[in-house]
There are 2 protein chains.
Amino acid sequence: MHYPKTIQNLIECFKKIPGIGEKTAERYALAILNLDQDVINLFSSSILNTKTKIKRCSICNNLSEDDICEICKNKNRNKDLLCVVEDPKSIILFEKIGTFDGYYHVINGLISPLDGVNPEDIEIDKLIDRIKNDNIKEVILAVKPSIEGETTALYISKLLKPTDVIVTKIAHGVPLGTDIDYVDSLTLELALENRKEV
Amino acid sequence: MHYPKTIQNLIECFKKIPGIGEKTAERYALAILNLDQDVINLFSSSILNTKTKIKRCSICNNLSEDDICEICKNKNRNKDLLCVVEDPKSIILFEKIGTFDGYYHVINGLISPLDGVNPEDIEIDKLIDRIKNDNIKEVILAVKPSIEGETTALYISKLLKPTDVIVTKIAHGVPLGTDIDYVDSLTLELALENRKEV
(Lines give C-alpha, C1' and ligand atoms only; values in the text may rest on other atoms or scores of the structure.)
Protein backbone atom coordinates (compact mmCIF):
# COMPACT_ATOMS: atom_id res chain seq x y z
CA MET A 1 0.00 0.00 0.00
CA HIS A 2 1.23 3.42 -0.92
CA TYR A 3 0.02 6.95 -0.50
CA PRO A 4 -2.57 8.17 -2.98
CA LYS A 5 -1.01 9.03 -6.35
CA THR A 6 -1.06 12.80 -5.81
CA ILE A 7 0.93 12.48 -2.59
CA GLN A 8 3.25 9.90 -4.09
CA ASN A 9 3.94 12.31 -6.97
CA LEU A 10 4.55 15.15 -4.55
CA ILE A 11 7.04 13.02 -2.59
CA GLU A 12 8.88 12.20 -5.82
CA CYS A 13 9.02 15.89 -6.76
CA PHE A 14 10.39 16.92 -3.38
CA LYS A 15 13.06 14.23 -3.74
CA LYS A 16 14.29 15.95 -6.93
CA ILE A 17 15.50 18.86 -4.80
CA PRO A 18 19.14 18.19 -3.81
CA GLY A 19 19.42 17.32 -0.12
CA ILE A 20 15.88 16.05 0.32
CA GLY A 21 15.60 12.31 0.99
CA GLU A 22 12.65 9.90 1.23
CA LYS A 23 11.63 10.66 4.84
CA THR A 24 11.94 14.42 4.51
CA ALA A 25 10.06 14.41 1.21
CA GLU A 26 7.27 12.41 2.86
CA ARG A 27 7.10 14.84 5.76
CA TYR A 28 6.99 17.86 3.44
CA ALA A 29 4.33 16.31 1.19
CA LEU A 30 2.08 15.57 4.16
CA ALA A 31 2.68 19.07 5.51
CA ILE A 32 1.42 20.50 2.21
CA LEU A 33 -1.96 18.89 2.99
CA ASN A 34 -2.34 21.16 6.00
CA LEU A 35 -1.59 24.43 4.20
CA ASP A 36 -4.32 26.97 3.52
CA GLN A 37 -5.90 27.13 0.08
CA ASP A 38 -4.32 30.51 -0.77
CA VAL A 39 -0.83 29.26 0.14
CA ILE A 40 -1.45 26.15 -1.97
CA ASN A 41 -2.45 28.31 -4.94
CA LEU A 42 0.56 30.60 -4.58
CA PHE A 43 2.91 27.65 -4.07
CA SER A 44 1.61 25.87 -7.16
CA SER A 45 1.70 28.93 -9.41
CA SER A 46 5.09 30.11 -8.15
CA ILE A 47 6.66 26.76 -9.01
CA LEU A 48 5.12 26.90 -12.47
CA ASN A 49 6.22 30.52 -12.91
CA THR A 50 9.88 29.75 -12.23
CA LYS A 51 10.14 28.37 -15.75
CA THR A 52 8.02 30.97 -17.50
CA LYS A 53 8.69 34.21 -15.62
CA ILE A 54 12.23 33.93 -14.31
CA LYS A 55 14.92 34.88 -16.79
CA ARG A 56 18.58 35.76 -16.54
CA CYS A 57 19.39 39.50 -16.74
CA SER A 58 20.85 40.07 -20.20
CA ILE A 59 23.60 42.25 -18.75
CA CYS A 60 24.75 40.47 -15.57
CA ASN A 61 23.03 37.02 -15.56
CA ASN A 62 21.26 37.78 -12.28
CA LEU A 63 17.79 36.26 -11.80
CA SER A 64 15.10 38.63 -13.02
CA GLU A 65 11.52 38.77 -14.19
CA ASP A 66 12.46 41.45 -16.71
CA ASP A 67 15.06 41.45 -19.43
CA ILE A 68 17.28 43.64 -17.23
CA CYS A 69 17.46 43.11 -13.45
CA GLU A 70 16.72 45.70 -10.75
CA ILE A 71 20.40 46.33 -10.03
CA CYS A 72 21.45 46.84 -13.65
CA LYS A 73 18.44 49.16 -14.13
CA ASN A 74 19.62 51.34 -11.23
CA LYS A 75 21.73 54.15 -12.74
CA ASN A 76 22.73 55.57 -9.33
CA ARG A 77 25.22 52.88 -8.43
CA ASN A 78 29.01 53.15 -8.72
CA LYS A 79 29.88 52.48 -12.36
CA ASP A 80 33.54 51.89 -11.56
CA LEU A 81 33.07 48.74 -9.51
CA LEU A 82 32.07 45.28 -10.71
CA CYS A 83 31.74 42.38 -8.32
CA VAL A 84 32.03 38.94 -9.96
CA VAL A 85 30.07 36.23 -8.16
CA GLU A 86 29.36 32.57 -8.77
CA ASP A 87 25.60 32.58 -8.38
CA PRO A 88 22.66 34.95 -7.88
CA LYS A 89 22.43 34.00 -4.20
CA SER A 90 25.74 35.79 -3.54
CA ILE A 91 24.24 39.04 -4.86
CA ILE A 92 21.52 38.88 -2.21
CA LEU A 93 24.18 38.31 0.46
CA PHE A 94 26.26 41.30 -0.65
CA GLU A 95 23.17 43.49 -0.92
CA LYS A 96 22.27 42.59 2.66
CA ILE A 97 25.58 44.06 3.86
CA GLY A 98 24.55 47.27 2.15
CA THR A 99 28.04 48.77 1.77
CA PHE A 100 28.76 47.72 -1.80
CA ASP A 101 27.20 50.02 -4.36
CA GLY A 102 28.79 48.85 -7.59
CA TYR A 103 27.36 46.41 -10.09
CA TYR A 104 27.51 42.62 -10.23
CA HIS A 105 28.24 39.95 -12.79
CA VAL A 106 27.23 36.31 -12.33
CA ILE A 107 29.44 33.68 -13.92
CA ASN A 108 27.54 30.44 -13.75
CA GLY A 109 30.12 28.20 -12.21
CA LEU A 110 33.90 28.06 -11.96
CA ILE A 111 36.55 26.86 -14.39
CA SER A 112 37.22 23.21 -13.64
CA PRO A 113 38.96 21.27 -16.43
CA LEU A 114 38.59 18.01 -14.49
CA ASP A 115 34.79 18.41 -14.53
CA GLY A 116 34.89 19.55 -18.14
CA VAL A 117 34.03 23.18 -17.33
CA ASN A 118 36.03 25.46 -19.62
CA PRO A 119 36.10 29.26 -19.79
CA GLU A 120 33.59 29.22 -22.69
CA ASP A 121 31.08 27.30 -20.57
CA ILE A 122 30.85 30.06 -17.99
CA GLU A 123 30.93 32.83 -20.64
CA ILE A 124 34.09 34.58 -19.48
CA ASP A 125 34.13 36.41 -22.87
CA LYS A 126 30.85 38.12 -22.05
CA LEU A 127 32.31 39.28 -18.72
CA ILE A 128 35.53 40.61 -20.29
CA ASP A 129 33.56 42.43 -23.00
CA ARG A 130 31.34 44.03 -20.40
CA ILE A 131 34.33 45.17 -18.29
CA LYS A 132 35.91 46.80 -21.34
CA ASN A 133 32.71 48.34 -22.73
CA ASP A 134 31.49 49.70 -19.39
CA ASN A 135 34.89 51.16 -18.51
CA ILE A 136 35.02 49.30 -15.21
CA LYS A 137 37.91 50.47 -13.00
CA GLU A 138 37.98 47.63 -10.47
CA VAL A 139 36.82 44.05 -10.74
CA ILE A 140 36.25 42.39 -7.36
CA LEU A 141 36.32 38.60 -7.53
CA ALA A 142 34.05 37.10 -4.89
CA VAL A 143 34.32 33.41 -5.71
CA LYS A 144 34.72 30.34 -3.53
CA PRO A 145 38.21 29.89 -2.05
CA SER A 146 38.92 26.59 -3.80
CA ILE A 147 41.18 25.31 -6.56
CA GLU A 148 38.42 26.07 -9.10
CA GLY A 149 37.91 29.51 -7.59
CA GLU A 150 41.63 30.30 -7.75
CA THR A 151 41.87 29.01 -11.33
CA THR A 152 38.94 31.18 -12.41
CA ALA A 153 40.34 34.22 -10.60
CA LEU A 154 43.75 33.74 -12.19
CA TYR A 155 42.25 33.26 -15.66
CA ILE A 156 40.20 36.45 -15.42
CA SER A 157 43.09 38.52 -14.03
CA LYS A 158 45.37 37.26 -16.84
CA LEU A 159 42.87 38.33 -19.51
CA LEU A 160 42.65 41.79 -17.93
CA LYS A 161 46.41 42.25 -17.50
CA PRO A 162 46.82 44.30 -20.73
CA THR A 163 44.13 46.75 -19.53
CA ASP A 164 44.17 49.33 -16.71
CA VAL A 165 41.50 47.42 -14.81
CA ILE A 166 42.44 46.57 -11.22
CA VAL A 167 41.50 43.01 -10.30
CA THR A 168 40.97 42.31 -6.59
CA LYS A 169 39.79 39.33 -4.59
CA ILE A 170 37.77 39.37 -1.35
CA ALA A 171 39.92 38.60 1.70
CA HIS A 172 40.09 35.08 3.07
CA GLY A 173 40.77 34.55 6.75
CA VAL A 174 39.32 33.64 10.11
CA PRO A 175 35.60 34.53 10.23
CA LEU A 176 34.48 36.86 13.00
CA GLY A 177 33.20 35.16 16.11
CA THR A 178 34.94 31.90 15.27
CA ASP A 179 37.43 30.25 17.57
CA ILE A 180 40.80 29.79 15.87
CA ASP A 181 40.66 26.11 16.92
CA TYR A 182 37.80 25.49 14.51
CA VAL A 183 39.38 27.00 11.42
CA ASP A 184 41.06 24.69 8.91
CA SER A 185 44.83 25.05 8.48
CA LEU A 186 44.64 26.42 4.93
CA THR A 187 42.41 29.28 6.06
CA LEU A 188 44.68 29.91 9.03
CA GLU A 189 47.71 29.97 6.73
CA LEU A 190 45.97 32.56 4.51
CA ALA A 191 44.95 34.57 7.55
CA LEU A 192 48.56 34.62 8.74
CA GLU A 193 49.91 35.54 5.33
CA ASN A 194 47.47 38.41 4.93
CA ARG A 195 48.02 39.79 8.41
CA LYS A 196 47.57 43.53 8.89
CA GLU A 197 49.24 45.98 11.22
CA VAL A 198 46.94 46.91 14.08
CA MET B 1 17.38 44.22 -3.28
CA HIS B 2 15.35 41.05 -3.18
CA TYR B 3 14.85 38.07 -5.42
CA PRO B 4 12.29 38.46 -8.24
CA LYS B 5 8.71 38.24 -6.92
CA THR B 6 8.15 34.66 -8.12
CA ILE B 7 11.16 33.41 -6.18
CA GLN B 8 10.29 35.54 -3.16
CA ASN B 9 6.81 34.00 -3.16
CA LEU B 10 8.25 30.53 -3.48
CA ILE B 11 10.57 31.14 -0.52
CA GLU B 12 7.60 32.32 1.57
CA CYS B 13 5.61 29.20 0.61
CA PHE B 14 8.45 26.86 1.54
CA LYS B 15 8.69 28.63 4.89
CA LYS B 16 5.07 27.65 5.62
CA ILE B 17 6.18 24.01 5.87
CA PRO B 18 7.06 23.26 9.51
CA GLY B 19 10.80 22.86 9.95
CA ILE B 20 11.85 24.93 6.95
CA GLY B 21 13.58 28.21 7.80
CA GLU B 22 14.68 31.19 5.71
CA LYS B 23 17.98 29.73 4.46
CA THR B 24 16.58 26.32 3.61
CA ALA B 25 13.57 27.86 1.87
CA GLU B 26 15.94 29.99 -0.21
CA ARG B 27 18.00 26.95 -1.17
CA TYR B 28 14.92 24.94 -2.14
CA ALA B 29 13.41 27.81 -4.15
CA LEU B 30 16.63 28.25 -6.14
CA ALA B 31 16.83 24.47 -6.66
CA ILE B 32 13.37 24.55 -8.23
CA LEU B 33 14.82 26.77 -10.97
CA ASN B 34 17.04 23.91 -12.08
CA LEU B 35 14.33 21.25 -12.30
CA ASP B 36 13.11 19.95 -15.65
CA GLN B 37 9.90 21.29 -17.14
CA ASP B 38 8.01 18.02 -16.60
CA VAL B 39 9.00 17.85 -12.92
CA ILE B 40 7.94 21.50 -12.55
CA ASN B 41 4.54 20.71 -14.07
CA LEU B 42 4.00 17.65 -11.89
CA PHE B 43 5.20 19.48 -8.78
CA SER B 44 2.85 22.40 -9.42
CA SER B 45 -0.19 20.26 -10.21
CA SER B 46 0.43 17.84 -7.34
CA ILE B 47 0.47 20.67 -4.84
CA LEU B 48 -2.76 22.03 -6.28
CA ASN B 49 -4.32 18.55 -6.30
CA THR B 50 -3.69 17.99 -2.60
CA LYS B 51 -6.67 20.22 -1.87
CA THR B 52 -8.93 19.02 -4.66
CA LYS B 53 -8.14 15.32 -5.03
CA ILE B 54 -7.08 14.13 -1.60
CA LYS B 55 -9.96 13.26 0.72
CA ARG B 56 -10.28 11.32 3.92
CA CYS B 57 -11.64 7.76 3.59
CA SER B 58 -15.22 7.86 4.86
CA ILE B 59 -14.68 4.64 6.81
CA CYS B 60 -11.22 4.96 8.38
CA ASN B 61 -10.07 8.59 7.80
CA ASN B 62 -7.04 7.44 5.81
CA LEU B 63 -5.84 9.68 2.96
CA SER B 64 -7.48 8.67 -0.28
CA GLU B 65 -8.36 9.94 -3.74
CA ASP B 66 -11.64 8.02 -3.62
CA ASP B 67 -14.43 8.08 -1.08
CA ILE B 68 -13.15 4.79 0.34
CA CYS B 69 -9.41 4.06 0.61
CA GLU B 70 -7.54 1.11 -0.91
CA ILE B 71 -7.31 -0.76 2.39
CA CYS B 72 -10.99 -0.44 3.30
CA LYS B 73 -11.88 -1.51 -0.26
CA ASN B 74 -9.86 -4.71 0.17
CA LYS B 75 -12.28 -7.43 1.35
CA ASN B 76 -9.52 -10.03 1.84
CA ARG B 77 -8.08 -8.58 4.99
CA ASN B 78 -8.73 -9.86 8.51
CA LYS B 79 -12.08 -8.40 9.59
CA ASP B 80 -11.44 -9.19 13.27
CA LEU B 81 -8.55 -6.77 13.72
CA LEU B 82 -8.61 -3.01 13.81
CA CYS B 83 -5.46 -0.99 14.33
CA VAL B 84 -6.04 2.52 15.65
CA VAL B 85 -3.38 5.01 14.56
CA GLU B 86 -2.86 8.71 15.00
CA ASP B 87 -2.21 9.70 11.41
CA PRO B 88 -2.19 8.27 7.88
CA LYS B 89 1.60 8.12 7.89
CA SER B 90 1.47 5.35 10.50
CA ILE B 91 -0.60 3.21 8.14
CA ILE B 92 2.17 3.36 5.54
CA LEU B 93 4.68 2.32 8.21
CA PHE B 94 2.61 -0.69 9.32
CA GLU B 95 1.96 -1.71 5.74
CA LYS B 96 5.71 -1.70 5.13
CA ILE B 97 6.17 -4.39 7.82
CA GLY B 98 3.68 -6.49 5.90
CA THR B 99 2.62 -8.75 8.79
CA PHE B 100 -0.55 -6.94 9.83
CA ASP B 101 -3.52 -7.80 7.67
CA GLY B 102 -6.39 -6.21 9.58
CA TYR B 103 -7.94 -2.81 8.98
CA TYR B 104 -7.00 0.61 10.27
CA HIS B 105 -8.71 3.57 11.82
CA VAL B 106 -7.13 7.01 11.93
CA ILE B 107 -8.06 9.23 14.86
CA ASN B 108 -6.77 12.66 14.05
CA GLY B 109 -4.88 13.43 17.21
CA LEU B 110 -4.90 12.34 20.81
CA ILE B 111 -7.05 13.37 23.77
CA SER B 112 -5.29 16.24 25.50
CA PRO B 113 -7.48 18.30 27.83
CA LEU B 114 -4.63 20.77 28.39
CA ASP B 115 -4.53 21.57 24.68
CA GLY B 116 -8.31 21.59 24.52
CA VAL B 117 -8.53 18.34 22.54
CA ASN B 118 -11.53 16.39 23.81
CA PRO B 119 -12.83 12.95 22.71
CA GLU B 120 -15.37 14.66 20.40
CA ASP B 121 -12.61 16.49 18.56
CA ILE B 122 -10.97 13.28 17.43
CA GLU B 123 -14.30 11.55 16.73
CA ILE B 124 -13.94 8.69 19.17
CA ASP B 125 -17.71 8.04 18.73
CA LYS B 126 -17.20 7.23 15.07
CA LEU B 127 -14.48 4.75 16.02
CA ILE B 128 -16.60 3.05 18.72
CA ASP B 129 -19.56 2.81 16.36
CA ARG B 130 -17.41 1.23 13.71
CA ILE B 131 -15.94 -1.31 16.16
CA LYS B 132 -19.44 -2.35 17.22
CA ASN B 133 -21.00 -2.36 13.75
CA ASP B 134 -18.13 -4.23 12.11
CA ASN B 135 -17.96 -6.84 14.89
CA ILE B 136 -14.29 -6.19 15.50
CA LYS B 137 -12.74 -8.78 17.84
CA GLU B 138 -9.56 -6.95 18.72
CA VAL B 139 -8.67 -3.29 18.70
CA ILE B 140 -4.93 -2.63 18.59
CA LEU B 141 -3.98 0.80 19.80
CA ALA B 142 -0.87 2.05 18.02
CA VAL B 143 -0.60 5.54 19.41
CA LYS B 144 2.37 7.53 20.67
CA PRO B 145 3.68 6.36 24.08
CA SER B 146 2.96 9.65 25.82
CA ILE B 147 0.52 10.95 28.42
CA GLU B 148 -1.91 11.90 25.65
CA GLY B 149 -1.47 8.47 24.07
CA GLU B 150 -2.11 6.69 27.36
CA THR B 151 -5.13 8.88 28.07
CA THR B 152 -6.59 8.14 24.67
CA ALA B 153 -5.90 4.40 25.03
CA LEU B 154 -7.50 4.30 28.48
CA TYR B 155 -10.52 6.26 27.29
CA ILE B 156 -11.10 3.92 24.36
CA SER B 157 -10.63 0.76 26.46
CA LYS B 158 -13.07 2.06 29.08
CA LEU B 159 -15.74 2.67 26.44
CA LEU B 160 -15.24 -0.89 25.14
CA LYS B 161 -15.21 -2.57 28.58
CA PRO B 162 -18.91 -3.56 28.42
CA THR B 163 -18.33 -5.33 25.10
CA ASP B 164 -16.39 -8.50 24.25
CA VAL B 165 -13.86 -6.55 22.25
CA ILE B 166 -10.28 -7.11 23.33
CA VAL B 167 -8.29 -3.90 23.47
CA THR B 168 -4.54 -4.24 23.08
CA LYS B 169 -1.71 -1.82 22.82
CA ILE B 170 1.50 -2.17 20.85
CA ALA B 171 4.41 -3.08 23.14
CA HIS B 172 6.75 -0.59 24.64
CA GLY B 173 9.48 -1.51 22.25
CA VAL B 174 8.95 1.96 20.91
CA PRO B 175 11.22 4.22 22.95
CA LEU B 176 9.44 6.83 25.05
CA GLY B 177 9.48 10.31 23.65
CA THR B 178 10.07 9.10 20.10
CA ASP B 179 7.57 9.63 17.35
CA ILE B 180 6.36 6.43 15.63
CA ASP B 181 7.65 7.93 12.37
CA TYR B 182 11.25 7.66 13.51
CA VAL B 183 11.20 4.02 14.61
CA ASP B 184 12.71 1.38 12.34
CA SER B 185 10.38 -1.31 10.97
CA LEU B 186 11.89 -4.11 13.08
CA THR B 187 11.20 -2.30 16.34
CA LEU B 188 7.74 -1.53 15.09
CA GLU B 189 7.20 -5.16 14.12
CA LEU B 190 8.28 -6.32 17.60
CA ALA B 191 6.03 -3.76 19.18
CA LEU B 192 3.16 -5.09 17.12
CA GLU B 193 3.90 -8.73 18.03
CA ASN B 194 4.19 -8.03 21.74
CA ARG B 195 0.99 -6.07 22.06
CA LYS B 196 -0.65 -6.33 25.51
CA GLU B 197 -4.20 -6.06 26.73
CA VAL B 198 -4.86 -2.68 28.31
**Asked** Would you say the side chains of S64(B) and E70(B) form a donor-acceptor pair under 3.5 Å?
**Response** no
**Request:** Between chain B and each of N49(A), T50(A), N41(A), count heavy-atom pairs under 4.5 Å; write down the option with the most.
**Result:** T50(A)
**Prompt:** CG of N34(A) to CG of D36(A): how many Å apart, nearest 0.5 Å?
**Reply:** 9.5 Å
**Prompt:** Who passes ring pair (Phe, Tyr, Trp, His ring centres under 6.0 Å) against Y104(B), sequence neighbours left out?
**Reply:** F100(B)
**Prompt:** Does any heavy atom of chain B fall under 4.5 Å from the side chain of D87(A), the backbone, both, or neither of them?
**Reply:** neither
**Request:** Answer yes or no: is there an ion pair linking D66(A) with K73(A), defined by an N-O contact shorter than 4.0 Å?
**Result:** yes
**Request:** Tell me the residues of residues 10-31 of chain B whose non-hydrogen atoms fall below 4.5 Å from those of chain A, in number order.
**Result:** L10(B), C13(B), F14(B), K16(B), I17(B), P18(B), I20(B), E26(B), R27(B), Y28(B), L30(B), A31(B)
**Asked** Can a salt bridge be assigned to the pair K5(A) and E65(B) using a cut-off of 4.0 Å between side-chain N and carboxylate O?
**Response** no
**Asked** Given that the side chain runs from C-beta out, which part of N74(B) has a heavy atom under 4.5 Å from chain A: side chain, backbone, both or neither?
**Response** neither
**Request:** Measure distances from I54(A) to the heavy atoms of chain B and classify the residue's part below 4.5 Å as side chain, backbone, both or neither.
**Result:** side chain
**Prompt:** With respect to chain B, which residue among K96(A), Q8(A), K89(A) yields the maximal number of heavy-atom pairs within a distance under 4.5 Å?
**Reply:** K89(A)
**Item:** Residues in side chain to side chain donor-acceptor pair (under 3.5 Å) contact with D121(A), at least two apart in sequence or another chain
**Value:** none
**Message:** Please list all pairs meeting salt bridge (charged side-chain N to carboxylate O under 4.0 Å, His left out) that have one or both residues in residues 157-172 of chain A, counting only residues at least two apart or in different chains.
**Reply:** E150(A)-K169(A)
**Prompt:** Pick from N108(B), N61(B), D67(B), N62(B): which one makes a side-chain hydrogen bond (donor to acceptor under 3.5 Å, both in side chains) with R56(B)?
**Reply:** N108(B)
